[in-house]
Amino acid sequence: MEDNLVIVESPAKAKTIEKFLGKEYVVKSSFGHIRDLSKKKLGIDIDNNYQPNYEVSPDKKKIVSELKKLTKNAKTVWIASDEDREGEAIAWHLFDELKLNKDNTKRIVFHEITKKAILDSIKNPRDINNDIVNSQQARRILDRLVGFELSPILWKKIKPSLSAGRVQSVAVRLLVEREREIMSFNSESFYKVSAIFNVANNNYELKADLSKRFDTKEEVLKFLENSKTSKHKVVEVIKKPTKKSPLAPFTTSTLQQEASRKFNFSVSQTMMVAQKLYESGKITYMRTDSVNLSDFAMSEAKNVIVSNFGDEYLKVRKFRTKSKSAQEAHEAIRPTSLNKFEVSGSEAEKKLYKLIWKRTIASQMAEAKFEKTNINISISNSDYKYLATGEILKFDGFLKVYEILENGDVAKSLLPPISENDDLNVNIINAIQRFTHHPPRYTEAALVKKLEELGIGRPSTYAPIISTVQKRGYVLKENREGEKRNFNFISLVNNNIVDDIKTEITGAEKSKLFPTDIGIVVNDFLVENFEDIIDFNFTASVEKEFDEIAKGKLVWSKMIDKFYKSFHNKVEITLENSERKTGERKLGVDKASGKEVFVRIGRYGPMAQIGKSDDEEKPRYAKLTKEQHLETITLKEALDLFRLPRVVGKYEDKEITVAIGRFGPYVKHDNKFFSLKKGIDDPYTLREDRAIEIIEEKREYDRKKTIKIFDQDVPVKILNGRWGPYISYNKKNYKIPKDVVPESLSYEACLEIINKVVKPKNTKAKSKTKSKTTVKTKSKAKAKPKKKTKKKE
DNA sequence: CAGTGAGCGAGCTTCCGCTTGACTT
């Protein structure tokens, strides 16, 4: 019916474009890729020049048939998928799967969603570029080969259901190597000396740092002793102008980093909020590697800046991407209209929008100007110097809207008026013991930044990568409490040296990524056997070849063949020769039994073991706690694990034991479990009287919880729960209607409530599924009218 | 919901990149 059908990737994009184009255009979206290699099988015919076998993805069947219908009636089909490798492939898959005609199919591209850009693109259609399509096929096939050949090796050699891949395995490697660096890091202490002076004949104070850091306390004491008689004088005051420039507009990764730093958002949280803003038309597309702003956005920014802050705040800038892997199919992330200073929506949406608005506006603003002052202070009887620095803001420029928050970028104090040759009197000198710090653990956003620098992963995959490595059990996002540490604080006050010890908290971590034992063992295995794939530069080097393919200078199947021959060879050798890898480590000998103690990964995770499995006597096993690790656990700690379960006494003629289970430490009595109070009870020292107390507390709680029990074959219980009274029957829970007094219910009345719920709701009344598996059986999905808004026409 | 860890073998798991859905309590 309609003359023109335009196909884009995203439905939100389709909606806006439809507004720009006239009535004779219908704009639909493909929802990304419509086909992929077979999900279960390899999907690649190795012996037939690596011919890929594509299938329409199950969740895309509907949209594909809808598009098929529409293309039949359209005079011209415009394929407007993104202008990057994946977009070109999507165009070709559409062309192929929809069985389109070359004569009336046109490929168009645009980098910004503006009326001008789209009309221009319609005027300049082209053909699908097969070289680029082939480069995408090579990328896809290589990733499938690597993933589907490496993962099964792990199932055999380490543990079932594990996975490996070009991207995720490097992400894990980064974390493992950083963790090792941290483990082997030896913290050293040094002393930082600073002094507070009184400016002679004046009331000003001046704080300055000594140019020298001392390694030992002896040096500090000697210096302070010396300082008792020294004279201090200003020898130099240097003033110089400095400036700071705004950062480029947001890309996916910089948005994730900044939202993490400023709001503590996880990367997936950032993406979910951004998606909302995008879908409601408030920001441009949020998965991008481009820092480019459209002409429209730049002129809008100009107007906003000039009319709100004045001409002197404007500085038009074009940013260029630094990362080589960028494909720049979209704009930077920016508000669709910079005239909108804030938006409605959830708190998170408001916050993130404001951040994007500020960053975009700031990028078109003048740099901030400062005057920096350095003051050098000499010491009469020493070659060392004191140095004081200060910074005065002369012109705020972009800082008017965008605060940069960097580590250690504490607001520098204003310096008092001071001139050269001024004499200074020492008020106090402090020497504080400090410690060198290990390199930091990665946050989610920091890992994304690192991956981007390495050219690994794409804006659309940063968040999924983080969740995959956690789902596989390679990585844990955790907080760690810090430890107390003493440090030396030595002062010279009133010509007296005061030597003091203070304490501080160190090593606290918040929302950091830690590799697990499994992650470490898998990584070591891959590094040992597949160094070249796990290499930080592997992606970069294959990307070069993909580029060659895209330029038509290299045949994709040849490239794959060269890679696969040597890779597959290594796969076979590894399957054949390498040992099962369990991260086994011998810790020593158990004095009590004389048997060897070691740790390894077992079927259920990391564990400790006393004695070999081929010994006559069965070995004893114990699970490591969450805080313990194969690489760092000591013999003593491992042996401690075997002190449980422990019999602590008797109560009501039944034994009381204490142990640690899957959900933490517990007391067991008469086959019932009672959790220990976190932070109060210790399973290793818990005594009989306290154990009984815990049992009684739980019983009291249960008494309050239970309203009534009908003791039938299948007991019916009326209980008090978090959401009020309910009926528990056959492991399922049923709500009691509000107008019913629970105490008054009879057995029959309960059954009535139960049956009422079961009947109309059918089988899916109450299944306590924890994981959201997206297995969809189409067969009986017709029940509900699940049409979306189909209100146009 | 909490204890387990030998081996036999069925049948399962897995990659990266594009996109947005839809269950309740």
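Residue numbers start from 1 in every chain, and the chains themselves are labelled A, B, ... in the order their sequence lines are given, proteins ahead of strands.
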Could you list the donor-acceptor pairs under 3.5 angstrom formed between side-chain atoms of residues 532-540 of chain A and any protein atom two or more places apart in sequence or on another chain?
unit_1: A:Asp532; atom_1: OD2; unit_2: A:Lys570; atom_2: NZ; d: 2.9
unit_1: A:Asp535; atom_1: OD1; unit_2: A:Asn537; atom_2: N; d: 2.6
unit_1: A:Thr539; atom_1: OG1; unit_2: A:Arg166; atom_2: NH1; d: 3.2

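- Under 4.0 Å is where a charged nitrogen must lie from a carboxylate oxygen, and between A:Glu86 and A:Arg458 no such pair does.
- Side-chain N/O atoms of A:Tyr666 include none lying less than 4.0 angstrom from OP1 or OP2 on B:dG3.
- In this structure, A:Val167 reaches the sugar-phosphate backbone alone: every heavy-atom distance under 4.0 Å involves primed, P, OP1 or OP2 atoms, never a base.
- In this structure, A:Ser460 reaches the B:dC18 phosphate: one of its side-chain N or O atoms is under 4.0 Å from OP1 or OP2.
- Residue-level contact check: A:Leu162 touches the backbone only, with heavy atoms under 4.0 Å from sugar-phosphate atoms and none from bases.
- Side-chain N/O atoms of A:Arg458 include none lying less than 4.0 angstrom from OP1 or OP2 on B:dC16.
- Within a 6.0 Å sphere centred on NZ of A:Lys15, heavy atoms belonging to other residues, nucleotides or ligands number 12 at most.
- The side chain of A:Gln609 contributes no N or O atom lying less than 4.0 Å from OP1 or OP2 of B:dG5.
- The side chain of A:Pro160 lies closest to B:dT13 when the candidates are B:dT20, B:dA2, B:dT13.
- A gap of 16 Å separates the C1' atoms of B:dT13 and B:dG9, to the nearest Å.
- Regarding contacts with the backbone of B:dC15, a side-chain N or O of A:Arg472 is found under 4.0 angstrom from either OP1 or OP2.
- Going from atom CZ of A:Arg166 over to atom C1' of B:dC15 covers 9 Å, rounded to whole Å.
- Heavy-atom distances to DNA chain B give each of A:Gly457 and A:Ser151 a nearest nucleotide, and the one nearer the 5′ end belongs to A:Ser151.
- Residue A:Lys623 places its side chain closer to B:dG5 than to any other of B:dG5, B:dC16, B:dA2.
- Under the stacking definition used here (centres under 5.5 Å, planes under 30°), the residue A:Phe148 qualifies as stacked on the base of B:dT14.
- A:Ala89 comes within 4.0 angstrom of no nucleic acid atom, judged by non-hydrogen atoms across all strands.
- A:Asp36 comes within 4.0 angstrom of a base, heavy atoms only.
- The distance between atom CD of A:Glu86 and atom C1' of B:dC18, rounded to the nearest whole Å, is 6 Å.
- Set against B:dG17, B:dC15, B:dT20, the side chain of A:Pro11 has B:dT20 as its closest nucleotide.
- Across all strands, A:Gly165 comes closer than 4.0 Å only to sugar-phosphate atoms, never to a base (heavy-atom distances).
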5'-to-3' dot-bracket of DNA chain B (Watson-Crick, G-U; under 3.5 angstrom; crossing pairs as [ ]; | other strand): .........................
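- Residue A:Tyr285 is classed as a sugar-phosphate contact, given heavy-atom separations below 4.0 Å to backbone atoms only.
- Considering only side-chain N and O atoms, A:Lys40 lies under 4.0 angstrom from the phosphate OP1 or OP2 of B:dT13.
- Counting only heavy atoms from C-beta on, A:Arg144 has its side chain closest to B:dC15 among B:dT19, B:dA2, B:dC15.
- Under the 4.0 Å criterion applied to side-chain N and carboxylate O atoms, A:Arg643 and A:Asp640 are assigned as salt-bridge partners.
- Nucleic acid contact class of A:Tyr278 (heavy atoms, under 4.0 Å, all strands): sugar-phosphate only.
- A cation-pi contact links A:Arg35 to A:Trp92, judged by a cut-off of 6.0 Å to the six-membered ring centre and 45° from its axis.
- The side chain of A:Arg139 contributes no N or O atom lying less than 4.0 Å from OP1 or OP2 of B:dG17.
- Of the charged side-chain nitrogens involved, at least one lies within less than 4.0 Å of a carboxylate oxygen, so that A:Arg85 and A:Glu543 count as a salt-bridged pair.
- An OP1 or OP2 oxygen of B:dC16 is reached within less than 4.0 angstrom by no side-chain nitrogen or oxygen of A:Arg85.
- Dashed line: the shortest gap from a side-chain N or O of A:Thr461 to OP1 or OP2 of B:dG17 is under 4.0 Å.
- A:Tyr462 places no side-chain N or O within 3.5 Å of a backbone atom of A:Leu451 that could act as its donor or acceptor partner.
- Rounded to a whole Å, the NZ atom of A:Lys15 is 11 Å from the P atom of B:dT20.
- Salt bridge annotation for A:Lys13-A:Asp82: present, with a cationic side-chain nitrogen under 4.0 angstrom from a carboxylate oxygen.
- Salt-bridge annotation for A:Glu88 and A:Arg107: present, with a side-chain N of the basic residue lying under 4.0 Å from a carboxylate O of the acidic one.
- In this structure, A:Trp155 does not count as stacked on the base of B:dT14 under the 5.5 Å centre distance and 30° plane angle limits.
- Here A:Arg140 lies in heavy-atom contact (under 4.0 Å) with a base.
- Of the side-chain N and O atoms in A:Gln136, none sit less than 4.0 angstrom from OP1 or OP2 of B:dG17.
- The side chain of A:Arg287 contributes an N or O atom lying less than 4.0 Å from OP1 or OP2 of B:dT19.
- Phosphate proximity of B:dT13 to A:Ser163: absent, as no side-chain N or O sits under 4.0 Å from OP1 or OP2.
- Nucleotide B:dT4 holds its P atom 14 Å from the CZ atom of A:Arg600, rounded to whole Å.
- Closest to the side chain of A:Phe31, out of B:dG5, B:dT20, B:dC15, is B:dT20.
- Within 4.0 Å (heavy atoms only), A:Gln168 reaches sugar-phosphate atoms of the nucleic acid but no base atom.
- Judged by the 6.0 Å distance and 45° axis criteria, A:Arg144 is positioned over the aromatic ring of A:Phe148.
- If you measure from atom CZ of A:Phe673 to atom P of B:dG3, you get 7 Å, rounded to the nearest angstrom.
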